[in-house]
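Working notes, structure below.
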Amino acid sequence: MKSIKNCVWTVFAFGLVACLVGACLCTKALAKERDNIMQIAVNANGNTIVFELNDSRAAKDLFAQLPLETAVENYSSNEKIYYPPEKLETLNTPLVQSAQSGTLAYYAPWGDVVMFYGNFGSASGLYELGHAVKGGEHIRSLSGTIRIEVSHAH
């Protein structure tokens with residue numbers, strides 16, 4: 001009887017250790033995934049807008065060009081645009097299906113990055129880069145020179 005109890009406890013202890021190790025590995029994987037999230041901060045006029053980028057080639061190209069300072073321009077009645085120093089590669093980058101307020105996109109024909117503060121829809125050559133996760137309400141008021149840099153706030 002004593003050996004059966006010892007066996008049960010051994011199996012239980014082994015199972016518990018396996019669960020704890022699995023939970024630890026899972027937590028580490030989630031932390032690593034969170035650390036790999038690309039976020040950028042657009043700063044101007046005392047406001048900051050944080051965009052979370054998708055995992056596309058164009059988003060990675062934009063991220064690699066940071067930090068940068070550039071002029072922001074009004075375009076239409078629902079977007080602000082700026083031109084990164086280098087064109088972005090759009091291979092494996094999704095087209096925008098329905099731009100909403102806070103959508104960050106790249107318009108390949110002109111080579112500009114678009115920050116939407118109103119709904120738009122889609123257009124040929126308009127690629128999705130990400131979306132605002134903080135401060136999206138400030139896109140409309142951007143003017144002058146903006147500074148774009150890596151955001152470390154997750």
Side-chain angles (χ1 to χ4, degrees), residues 15-154:
L16 183 61
V17 168
C19 284
L20 291 173
V21 167
C24 183
L25 291 174
C26 210
T27 302
K28 284 182 179 180
L30 288 173
K32 182 172 172 41
E33 185 175 308
R34 186 181 66 242
D35 290 342
N36 288 336
I37 292 174
M38 294 182 296
Q39 289 188 338
I40 63 172
V42 177
N43 301 293
N45 313 106
N47 294 313
T48 300
I49 304 150
V50 177
F51 290 95
E52 185 171 300
L53 302 181
N54 60 29
D55 197 34
S56 70
R57 174 67 187 267
K60 289 175 184 176
D61 281 359
L62 177 63
F63 195 78
Q65 294 182 41
L66 302 181
L68 65 97
E69 286 191 17
T70 188
V72 66
E73 302 172 25
N74 291 313
Y75 189 80
S76 188
S77 61
N78 60 350
E79 62 192 78
K80 299 286 182 160
I81 65 170
Y82 66 89
Y83 293 87
E86 304 286 329
K87 289 196 176 237
L88 310 181
E89 172 58 57
T90 58
L91 184 67
N92 296 325
T93 302
L95 288 167
V96 170
Q97 298 300 313
S98 179
Q100 308 289 318
S101 180
T103 296
L104 184 70
Y106 178 65
Y107 188 56
W110 294 353
D112 62 311
V113 174
V114 184
M115 298 174 286
F116 287 96
Y117 59 86
N119 295 344
F120 174 72
S122 63
S124 178
L126 185 64
Y127 293 89
E128 187 172 334
L129 299 176
H131 61 278
V133 294
K134 179 182 169 198
E137 68 275 10
H138 301 298
I139 296 171
R140 179 186 301 265
S141 65
L142 290 175
S143 64
T145 299
I146 58 174
R147 178 164 176 78
I148 304 128
E149 56 196 356
V150 174
S151 173
H152 298 289
H154 292 290

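Values below: every heavy atom of this structure, side chains too, minus hydrogens, waters and symmetry copies.
Distance alone, capped at 3.5 Å, places no donor-acceptor pair between the Glu52 side chain and the Gly130 backbone. Looking at Asn92, its side chain never comes within 3.5 Å of a backbone N or O of Ser56 through a donor-acceptor pair.
What you find for Leu68 and Pro85 is that their closest heavy atoms are CD2-CD, 3.7 Å. Heavy-atom minimum distance, Ala58 versus Leu88: O-CD1, 3.7 Å. The nearest pair of heavy atoms linking Tyr117 to Ser76 is OH-O, 4.4 Å. Closest approach of Pro84 to Gly111, counting heavy atoms only: CD-O, 3.4 Å. Here the closest non-hydrogen pair linking Gly125 and Pro109 is O-CD, 3.6 Å. Closest heavy-atom contact between Leu129 and Ala59: CD2-N, 3.6 Å.
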Report task. In sequence, state the C-alpha distance, the side-chain angles, and the governing distance for Gln39 and Val133, and then conclude on side chain to side chain contact (heavy atoms under 4.5 Å, CB included). Result -> CA-CA 9 Å; Gln39 289 188 338; Val133 294; 3.9 Å; yes
Report task. Please lay out, stage by stage, how Leu53 and Leu104 fare under the test side chain to side chain contact (heavy atoms under 4.5 Å, CB included). Result -> CA-CA 8 Å; Leu53 302 181; Leu104 184 70; 3.5 Å; yes
Query raised in the report: Yes or no on side chain to side chain contact (heavy atoms under 4.5 Å, CB included) for Ile81 and Val72, after CA distance, side-chain angles and deciding distance?
Result: CA-CA 6 Å; Ile81 65 170; Val72 66; over 6 Å; no
Query raised in the report: Tyr107 and Tyr75: side chain to side chain contact (heavy atoms under 4.5 Å, CB included), yes or no, with the steps?
Result: CA-CA 12 Å; Tyr107 188 56; Tyr75 189 80; over 6 Å; no
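Asp112 contributes atom CG, which lies 9.0 Å from atom CG of Leu126 (distance to the nearest 0.5 angstrom). In this structure, NZ in Lys134 is found 6.5 Å from OG1 in Thr48, a value given to the nearest 0.5 Å. The distance from atom CD of Gln65 to atom CD1 of Ile40, rounded to the nearest 0.5 Å, is 11.0 Å. Atoms OG1 and CG, on Thr93 and Asn54 in that order, are 7.0 Å from each other to the nearest 0.5 Å. Taken to the nearest 0.5 Å, the CG atom of Asn43 stands 9.5 Å off from the CG atom of Leu142. To the nearest 0.5 angstrom, Ile49 atom CD1 is 9.5 Å from Lys80 atom NZ.
The shortest distance between side-chain heavy atoms of Leu62 and Val113 falls below 4.5 Å. In this structure, the side chains of Glu128 and Pro94 come closer than 4.5 Å at one or more pairs of heavy atoms. Using a 4.5 Å heavy-atom cutoff, the side chains of Asn119 and Gln100 are in contact.
Using a 4.0 Å cut-off between charged nitrogen and carboxylate oxygen, Glu69 and Arg147 count as a salt-bridge pair. Asp61 has no carboxylate O lying under 4.0 Å from a charged side-chain N of Lys87, or vice versa, which leaves the two without a salt bridge.
Among Tyr82, Phe51, Phe63, the single residue meeting the side-chain contact (heavy atoms from CB on, under 4.5 Å) criterion with Ile148 is Tyr82.
In this model, no donor atom of one side chain and acceptor atom of the other lie less than 3.5 Å apart for Glu149 and Ser151.
At most 12 non-hydrogen atoms from other residues, nucleotides or ligands lie less than 6.0 angstrom from CD of Glu86.
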